[in-house]
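Structure record follows, encoded as structure tokens.
Just so it is clear: chains get the letters A, B, ... in the order the sequence lines come, proteins before strands, and each one is counted from 1.
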Amino acid sequence: ARGRAVKDEL
Amino acid sequence: MNVFRLLGDLSHLASILILLHKIQTTRSCRGISFKTQALYVVVFLTRYLDLFLGDWVSLYNTAMKLFFIGSSCYILYLMKLRFRPTHDPAIDTFRVEYLVGPSLILALIFNYKYTLVEILWAFSIYLEAVAIMPQLFMLQRTGEAETITTHYLAALGAYRGLYIPNWIYRYFSDGTVDPIAVIAGLVQTGLYLDFFYVYFTRVLQGQKFELPA
């Protein structure tokens with residue numbers, strides 16, 4: 001699924 | 001978590017503590033753009049929606065998100081209620097709709113997924129990139145700033161600037177690239193270049209922050 005590669009950044 | 005990312009986050013944290021310190025010790029929000037601060041509240045609320053959706057990342061991540069939402073709302077309270085008379089709307093005249101409108105349109109076109117959360121996330125990234133403009137515009141208009149205010153701006157500018165080597169590091173270490181965050185981050189950092197020039201050549205040499213007439 002397409003989506004954000006990085007989810008831990010602020 | 002790499003060192004650039006950590007230093008970036010700490011710089012962001014420091015910028016807010018410097019701003020709070022400035023307001024509390026001088027008992028004034030003179031020189032601070034209410035519009036920029038209000039935009040940050042919008043940025044944090046729209047970006048950190050995931051806090052309430054059960055997407056757990058880490059204690060660090062949650063604590064930082066809560067701090068950024070809480071402190072930005074507290075700063076608005078200080079400016080709008082506690083030290084209201086020290087804020088001069090007559091010099092804080094940048095039209096925020098020129099920032100919010102295009103950010104929303106960009107978010108509707110360029111996002112990673114057509115869901116409310118992802119569109120709002122992209123919106124928050126675009127809006128954050130330009131949210132400093134009312135503040136920089138105000139600085140340009142008055143032509144000078146208190147030293148403590150320039151330290152606040154320097155820490156805030158360094159924050160997204162430090163994310164850039166973090167993204168380069170992450171590209172090589174785990175192959176991830178987030179084009180939306182990277183492009184917006186480059187724009188955001190770019191907006192500070194003029195400010196940083198004066199900050200390094202004047203403030204850090206012990207002189208007052210003053211723009212040439």
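- When the shell of 6.0 Å around CZ of F137(B) is examined, it contains more than 12 heavy atoms from other residues, nucleotides or ligands.
- For the pair Y159(B) and L10(A), the minimum side-chain heavy-atom distance is 4.5 Å or more.
- At most 12 heavy atoms of other shown residues, nucleotides or ligands fall within 6.0 angstrom of atom OH in Y169(B).
- No more than 12 heavy atoms of other residues, nucleotides or ligands sit less than 6.0 Å from atom CZ of R30(B).
- For a residue to count as touching a neighbouring chain, one of its non-hydrogen atoms must lie under 4.5 Å from one of that chain's; by this rule W56(B) does not touch chain A.
- For CG of D194(B), the number of neighbouring non-hydrogen atoms (other residues, nucleotides, ligands) closer than 6.0 Å is 12 at most.
- Here ring-ring contact (aromatic ring centres under 6.0 Å, His included) pairs that include residues 33-55 of chain B, with residues two or more places apart or in two chains, are H12(B)-F44(B), F34(B)-H87(B), F44(B)-Y48(B), F44(B)-F68(B).
- To the nearest 0.5 Å, atoms CG (D8(A)) and CZ (R170(B)) are separated by 4.0 Å.
- Of the atoms belonging to N61(B), heavy atoms from both backbone and side chain fall under 4.5 Å from chain A.
- Counting heavy atoms from C-beta outward, N166(B) and E9(A) have side chains that approach closer than 4.5 Å.
- Considering NZ of K7(A) and CG of D178(B), their distance stands at 11.0 Å, rounded to 0.5 Å.
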